[in-house]
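Structure first, commentary second.
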Protein chains: 2
Amino acid sequence: MARRPTIKDIARRAGVSESAVSFALNGRPGVSEETRARIRRVAEELGWQPNSAARALSGERAGVVGLVLARPAHTLGVESFFLQLVSGVQEVLGAARTALLFQVVEDLDAECALYRRWWAERRVDGVLVVDPRTRDPRPGLLAGLGLPAVTVGEARPAPALSSVRADDARAMAQILDHLHGLGHRRIVHVAGLPELAHTARRIASLRAEAQRRGLRPQEVRSVPTDYSDTEGAAATRRVLNEPAPPTALVYDNDVMAVAGAGVAAELGIPVPGRLSLVAWDDSALCRVTHPRLTALVRDTAAFGRLAAEELLAVLGGGQPRVRLAEQPRLEPRESTAPPPPAY
Amino acid sequence: MARRPTIKDIARRAGVSESAVSFALNGRPGVSEETRARIRRVAEELGWQPNSAARALSGERAGVVGLVLARPAHTLGVESFFLQLVSGVQEVLGAARTALLFQVVEDLDAECALYRRWWAERRVDGVLVVDPRTRDPRPGLLAGLGLPAVTVGEARPAPALSSVRADDARAMAQILDHLHGLGHRRIVHVAGLPELAHTARRIASLRAEAQRRGLRPQEVRSVPTDYSDTEGAAATRRVLNEPAPPTALVYDNDVMAVAGAGVAAELGIPVPGRLSLVAWDDSALCRVTHPRLTALVRDTAAFGRLAAEELLAVLGGGQPRVRLAEQPRLEPRESTAPPPPAY
DNA sequence: GCCCCGAACTAAACCGCATTAGTTCCGGCC
DNA sequence: GGCCGGAACTAATGCGGTTTAGTTCGGGGC
């Protein structure tokens, strides 16, 4: 096991003091250019990297940001959203030599406890808060602790926090444009968890858009689920068995959309002949069903990059602000068509 | 922003020296039981948590382990395997107050570079190595650095490393038992990346099992893919268009299996009437298709727990060893049936 | 020729904890 | 009564950096 070189090794080898090494490698004044170059060369030779603990201890940043995912274990994994987001986050963090502490916990209480612990342990410089809720204890907690944070998907964060989010209202309007334009008048939105802020925004937007078009609440409405394939399928079955079933369904994620397509197949309802389907979020799933699903395509990795950039900006002392993600695009595929004339 | 309490604060408040506090809170001798209790109480009141950087700096563990996922960004996310694994890993790590540094990188070179950096920065105490390959530079590198590691999915790791893995050979035998028992004689295994060690094991096992049953290589064989829905679909289309197409297909992951089911539907080939499908790894996906897919069910979270336990054991000074995951179970659903009599 | 100043560098303190080397005090023993 | 030993505690050191407070030295100004 090789020994890790320290600045002491560099200092000895370059014939200078340890402080000179520190100055040289951090680009501060106090050493001549020749010395700086020499020290740099030696550090390079030795393959030196600053000990992250020592750095963190002497007041610098820890070089770590945290991301907690509070979800029951069994709902994990099928959705493409998270790994995409995380991969975008890391593109930006990696370039800034910042690591990502990632943790999956069972619920919101555990998440809050974890923030407290991370703060007390000085383990992270800041956190990305995902799945913001309508009444969310986290922004207040983080603001109180003074732990820098960026909420991902929140419209009105606590004043002290930055936020990045998508324009869900406009996206929903886009979907309604598409379906209404095709002639659909009875539309059900199979929504995700209603406590989540973005779900609430989508539901509100659906209602507003419907009203704007003179459609009544019994014709166009949202039904809540927990995002799982099971509840997505159950909700689909329920609304399709109503006396005047919808002619179009909008799903809040790809997994439920695929599950819904399965239910339609099982009930013998042709898609898009008698039923149109739209998925919010695209992924391989939407392209492997038959017919392929019309989907709202978002660049989730770009969203992650935006979030990471914003967090780094906050860590660098920037002012908190709200940034909007690039507008998603509706990709029409074979699962949407005009409703049957009979209706 | 509240100030984080340190042992100095505790010492002052409890009227003892800092060392007494350290002794008391770490359960070592040198303080009386009353004093220990008092110090514990004060620490509790103040909400003290050890500063992770200071701990790491004074020779203790950093309390962090790393996990690097080397995959091009676009192949991320649809598979359920990883988040499940990670959630299992964290159940165990969380209990041991150990954090997980998680990073997504583009390729193996970047992964190796990251291990070097983490090692030099003393950022992690150990790492979990996933996606082991047939000729893998990582175990050698890690052994050379002296960075404790557990490979997840490797049969014969470098002698210095621990490993947890599944018994792919027996699982494959199980699948062949099922299909052969139903009467299938022409079977294609749509495999994942051939460089991955577990893919190689599955391919070898398929060949061995076929031979044992007197089936020829042109009847029972593996075709490689990159795990994506695209290649899974392409491979399916290719083999189904052959003069003597297989009557059963075994897919190395759930995403490809669902994509394959889509291709069969598109080609008008009834499942399971003329074609049986098996997915390696179960997930919501396998239950939303029609028919639902027969799948090899593994407890991936348990696999993650096993890996984390083993890594903690290694960090605690345990001997390197190889541990087998619980045997997976084949869950027959509607996608497998006897082949058509004509064949 | 002396003084002052800034550039270039070194010494030392500090971050928060673990740990080793003392120190104090008390009781038991001869 | 003096000595020894152990329990209970304190002081001091180190981990590997950053940073502040010196120190040295050479050159320019008067």
Side-chain angles (χ1 to χ4, degrees), chain A residues 2-40 42-43 46-64 97 117-125, chain B residues 2-40 42-43 46-64 97 117-125:
Chain A
R3 212 175 62 77
R4 297 167 180 86
T6 70
I7 52 168
K8 195 177 284 179
D9 300 315
I10 302 178
R12 191 168 12 206
R13 198 135 148 188
V16 293
S17 70
E18 295 173 39
S19 357
V21 175
S22 180
F23 292 148
L25 296 174
N26 290 301
R28 27 216 83 183
V31 283
S32 66
E33 278 314 312
E34 305 96 271
T35 312
R36 189 183 300 273
R38 183 158 43 94
I39 290 174
R40 282 233 175 88
V42 174
L46 263 47
W48 177 85
Q49 298 278 21
N51 177 317
S52 55
R55 268 238 162 115
L57 192 55
S58 35
E60 288 292 285
R61 296 211 200 111
V64 182
R97 310 198 117 230
R117 207 171 90 195
W118 278 354
W119 170 79
E121 293 178 345
R122 251 192 174 81
R123 214 182 251 291
V124 297
D125 300 318
Chain B
R3 212 174 63 77
R4 296 168 180 85
T6 70
I7 52 169
K8 193 177 286 178
D9 300 315
I10 302 179
R12 192 167 10 203
R13 198 135 149 187
V16 293
S17 71
E18 295 174 40
S19 355
V21 176
S22 181
F23 292 149
L25 296 174
N26 290 301
R28 29 215 81 183
V31 282
S32 66
E33 278 314 312
E34 306 94 271
T35 312
R36 190 185 299 272
R38 183 159 42 93
I39 290 174
R40 281 231 176 90
V42 173
L46 264 46
W48 178 85
Q49 297 278 19
N51 178 316
S52 56
R55 268 244 159 110
L57 192 53
S58 38
E60 288 293 284
R61 295 209 202 112
V64 182
R97 308 199 120 230
R117 209 172 86 195
W118 279 354
W119 171 81
E121 293 179 346
R122 251 191 174 82
R123 216 182 251 289
V124 296
D125 300 318

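Below, chains carry the letters A, B, ... as their sequence lines are ordered, and counting in each starts from 1.
Comparing B:Ser17 and B:Arg122 by the nucleotide of DNA chain D whose heavy atom lies nearest to each, the residue mapping closer to the 5' end is B:Ser17. Residues B:Thr35 and B:Ala54 both approach DNA chain D. Their nearest nucleotides, taken by heavy-atom distance, put B:Thr35 toward the 5′ side.
In this structure, CG on A:Leu46 lies 12.5 Å from CD1 on A:Ile7, to the nearest 0.5 angstrom. Summarising the geometry, atom CG belonging to A:Leu57 is positioned 13.0 Å from atom CZ belonging to A:Arg55; distances are rounded to the nearest 0.5 Å. The CD1 atom of A:Ile39 lies 6.5 Å from the CG atom of A:Leu25; values are rounded to the nearest 0.5 Å.
As judged by a 4.0 angstrom heavy-atom cut-off over every strand, A:Ser32 is placed among residues touching the sugar-phosphate backbone only. B:Ser19 comes within 4.0 angstrom of a base, heavy atoms only. B:Gly30 comes within contact range of at least one nucleobase, with a heavy-atom separation under 4.0 Å. Here A:Val16 lies in heavy-atom contact (under 4.0 Å) with sugar-phosphate atoms only.
Per the geometry, CZ belonging to B:Arg4 stands 15 Å off C1' belonging to C:dC17, to the nearest Å. The interatomic distance linking A:Ile39 (CD1) with C:dT10 (P) rounds to 8 Å, in whole Å. Rounded to an integer number of Å, the gap from A:Ile7 CD1 to D:dG16 C1' is 6 Å. We find that NZ of B:Lys8 is positioned 14 Å from P of D:dA12, with the value rounded to whole Å. If you take CZ of B:Arg28 and C1' of D:dC9, they are 16 Å apart, rounded to a whole angstrom. A:Glu18 places its CD atom 13 Å from the C1' atom of C:dA13, with the value rounded to the nearest Å. To the nearest angstrom, C1' of C:dC14 lies 12 Å from CG of B:Leu57. Across the protein-nucleic acid pair, A:Phe23 atom CZ and D:dG22 atom P stand 14 Å apart, rounded to whole Å.
Closest approach to the A:Ser58 side chain among C:dG16, C:dC9, C:dC15 is made by C:dC15 (side chain taken as heavy atoms from C-beta onward). Minimum atom distance to the side chain of B:Ser22 is reached by C:dT19, of the listed C:dT19, D:dG17, D:dG14.
Within the 4.0 Å cut-off from OP1 or OP2 of C:dG16, not a single side-chain nitrogen or oxygen of B:Arg55 is found. The shortest distance between the side-chain N/O atoms of B:Asn51 and the OP1/OP2 oxygens of C:dC15 is not below 4.0 Å. At least one side-chain nitrogen or oxygen of A:Trp48 sits closer than 4.0 Å to the OP1 or OP2 atom of D:dG17.
Side-chain N or O atoms of B:Arg123 include none that pairs as donor or acceptor with a backbone N or O of B:Arg117 at under 3.5 Å. Between the side chain of B:Arg122 and the main chain of A:Ala53, no donor-acceptor pair closer than 3.5 Å is present.
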